[in-house]
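See structure below.
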Amino acid sequence: MRLPFSLPDVSDRPTSLRPPPRTDTALGAAMRREGEGHDAAHSGVRVLQSGRDALAARLALIEAAEVAVDAQYYIWHDDVSGMLMFDALERAARRGVRVRLLLDDNGIDGLDPFLAALNECENFEVRIFNPSPIRRLKILGFALNFFRMNHRMHNKALIVDGAATIIGGRNVGDEYFQVHQDIFYIDTDAIATGPVVTETAKIFDEYWNSAPVIELERVVGDVADRPAYEAHLNEIRARDEACELRAEADSFAHEITHGDLAFEWTTVSVIADDPRKGLGNAKRDQLLIHRMGEMLTRSTHSLDVASAYFVPGKTGARYLTELARKDCKVRVLTNALDTTDVFLVHAGYSRYRRTLLKAGVELYELKLRAAAERTPDQQVLPLGLSGGSLHAKTFVMDEREVFIGSFNFDPRSARLNCEMGFLIDSPEIAATVTQSFESLLPRITYQPRLTPENNMVWIEEREDGKDIIYQREPGANLFQQIAFAIIQRLPIEWLL
């Protein structure tokens, strides 16, 4: 008998697996041609720096699907990009493609009627990670089961026909894809083909069949609202932005079919947390942080970190300071107070600034800039350095190994959220990230430093040479300064 507000038992649920990779599909044939003449053990990879390109790539791959589309995301909005993605997935299902959509329950507020409408379509199945048994006020689910509900699926992945995959830090929403010209999140994704696609598909299967994942209909009941879904979709389709985005997707599809994706062929692996982390049952060697630790300890002369939410904790701070003291050049880019979207996280980060600076770690805090301040070169470089809030999660080790994924350098990514990402062996990709640190960052960030008197200051470099020195955190009012002092003393770092 199922207890009130408990989740369904899925222990006897049949296992659902991906179909075997196919090369007789149009996408499979195109990716096979891309790989001709390259080492069969290597994967082709291309970094998606622009949010618009990242959305166009997703839409183009889904439109090309003939066999199967698997997608998993932490946040999905019903805005322009979200509805266009829903529409592309549904049209794929209606032409016979098997669609599996796995979403975290934290990021789909208000979408139950739309998701239920899609779930009723033939070939379209929706499942939810760690859902709240209470749908209207999900926050009450945390009160009923705080431990379970704090474990979220932060993964972002799209796999199409076993031929191509996209992994990175972007959720599905207009702010992540730069659909509008106002404030947006800046991030990094990568599209890949070759052996790494099979690895990624295997990870998706593990999540899809895991205990924290529940079929949508067993969670939300009979709430499908097809008329409301179609009305909203038609309104979105009529917008100018939607027409522009579909045209960009068509252009990307042309690149796919004509072999113009300019993949770099190298060693690419995908690493991910075991989905049992969603119930707090994963062992240490099943956690991504374990692999990340092994990777980062290989750094000998340089480590560049871009992390939207950077709270190293005592262990991370100790590791970074030890590296810096061994003459390893350690540089960290995160959000400044005026670009972060989570005040608590910034307060947690600020606790470690002085320790890191004393050891020689270089810190950069991305500042908020108006569109008029942005130059063309700032629009295209990696790490998303144009004008919005940093959302990237990228690490570069010894100017060779590059991590691109969903993992933030914070306790939540390490201990609570499920995460994943690509590890790429590429001096070329690493060089573009390193270039950002060396040439661009000083112009678009505040740089915290310690004076000879051990006082904290922030340097804002100006092109006219008249640098600004802040004696207090830029943009912080008295209330925020007091809040920082209080938060740093609270035992909540494990939640940040």
Side-chain angles (χ1 to χ4, degrees), residues 46-63 71 73-88 107 154 156-158 166-191 236-253 255 261 306-309 333-336 338-342 366-394 404-406 408 432-433 436 440-441 443-445:
R46 167 180 163 179
V47 177
L48 297 171
Q49 301 169 10
S50 158
R52 304 279 289 220
D53 284 349
L55 177 58
R58 286 166 168 83
L59 292 172
L61 289 182
I62 296 170
E63 293 291 352
Y73 286 94
Y74 175 60
I75 291 174
W76 195 300
H77 293 320
D78 61 346
D79 52 15
V80 176
S81 57
M83 292 305 294
L84 289 180
M85 287 276 286
F86 277 153
D87 186 36
H154 199 232
K156 291 99 174 169
L158 176 73
I166 297 175
I167 280 182
R170 288 183 176 95
N171 296 300
V172 177
D174 290 355
E175 62 269 39
Y176 302 99
F177 296 123
Q178 299 167 242
V179 171
H180 311 293
Q181 297 304 311
D182 51 3
I183 299 301
F184 45 79
Y185 294 124
I186 306 298
D187 220 321
T188 306
D189 291 329
I191 180 173
I236 292 290
R237 283 172 174 162
R239 295 188 189 181
D240 292 340
E241 303 101 307
C243 297
E244 293 172 4
L245 293 169
R246 286 197 296 266
E248 291 169 11
D250 290 343
S251 176
F252 204 97
E255 292 185 46
L261 287 180
S307 183
Y309 309 128
L333 169 67
T334 191
N335 280 303
D338 57 11
T339 53
T340 187
D341 63 335
V342 184
L366 185 69
K367 64 183 181 182
L368 186 65
R369 290 162 295 123
E373 296 180 81
R374 305 171 210 157
T375 59
D377 65 325
Q378 294 173 10
Q379 302 286 0
V380 298
L381 284 173
L383 304 178
L385 307 175
S386 47
S389 176
L390 180 75
H391 198 252
K393 311 108 174 73
T394 305
I404 296 175
S406 66
N408 283 297
T432 61
V433 177
S436 296
L440 183 60
L441 287 192
R443 290 187 281 139
I444 62 172
T445 61

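We count residues from 1, following the sequence as given. The figures that follow rest on heavy atoms only: side chains count, while hydrogens, waters and symmetry mates do not.
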State, without any angle test, whether H180 and E175 hold a side-chain donor-acceptor pair at a distance under 3.5 Å. no

The single option from D189, V47, I167 that satisfies side-chain contact (heavy atoms from CB on, under 4.5 Å) with I404 is V47

Do the rings of H154 and Y74 sit parallel, tilted or perpendicular, given the 30° and 60° boundaries? perpendicular

Tightest non-hydrogen contact, residues G173 and S81, listed as C-OG, 3.0 Å

Do F252 and I191 come within less than 4.5 Å of each other through their side chains, counting heavy atoms only? yes

Out of curiosity, L333 CG to T394 OG1, how far, rounded to the nearest 0.5 Å? 9.5 Å

Give a yes or no on whether the backbone of S307 and the side-chain of T334 come within a donor-acceptor separation of less than 3.5 Å. yes

Minimum heavy-atom distance R170-A54, with the two atoms named: NH1-CB, 3.5 Å

What is the distance from atom CG of L261 to atom CD of E255, rounded to the nearest 0.5 Å? 6.0 Å

Testing the basics here: between A57 and L48, what is the closest heavy-atom pair and its distance to 0.1 Å? CB-CD1, 4.0 Å

Testing the basics here: between A60 and A249, what is the closest heavy-atom pair and its distance to 0.1 Å? CB-O, 3.6 Å

With a 4.5 Å heavy-atom cut-off, do H391 and N171 have their side chains touching? yes

E248 side-chain N/O to A56 backbone N/O, donor-acceptor pair under 3.5 Å: no

Note, R237 side chain near M83 side chain (heavy atom, < 4.5 Å): no

Ignoring hydrogens and geometry, is there a side-chain-to-backbone donor-acceptor pair from R52 to L245 under 3.5 Å? no

Taking every heavy atom of K393 against every heavy atom of A308, the minimum-distance pair comes out as NZ-CB, 4.5 Å

Residue pair L61, I166: steps toward the side-chain contact (heavy atoms from CB on, under 4.5 Å) verdict: CA-CA 9 Å; L61 289 182; I166 297 175; 3.8 Å; yes

Do the side chain of D174 and the main chain of D79 share a donor and acceptor less than 3.5 angstrom apart? no

Answer whether the closest heavy-atom distance between the side chains of L158 and I62 falls below 4.5 Å. yes

Hey, does M85 have a side-chain heavy atom less than 4.5 Å from the side chain of R58? yes

Taking the side chain as C-beta and beyond, is there a heavy-atom pair between K156 and V172 under 4.5 Å? no

Just wondering, do L59 and R246 contact through their side chains at under 4.5 Å, heavy atoms? no

Does the side chain of Y176 come within less than 4.5 Å of L55's, by heavy atoms? no

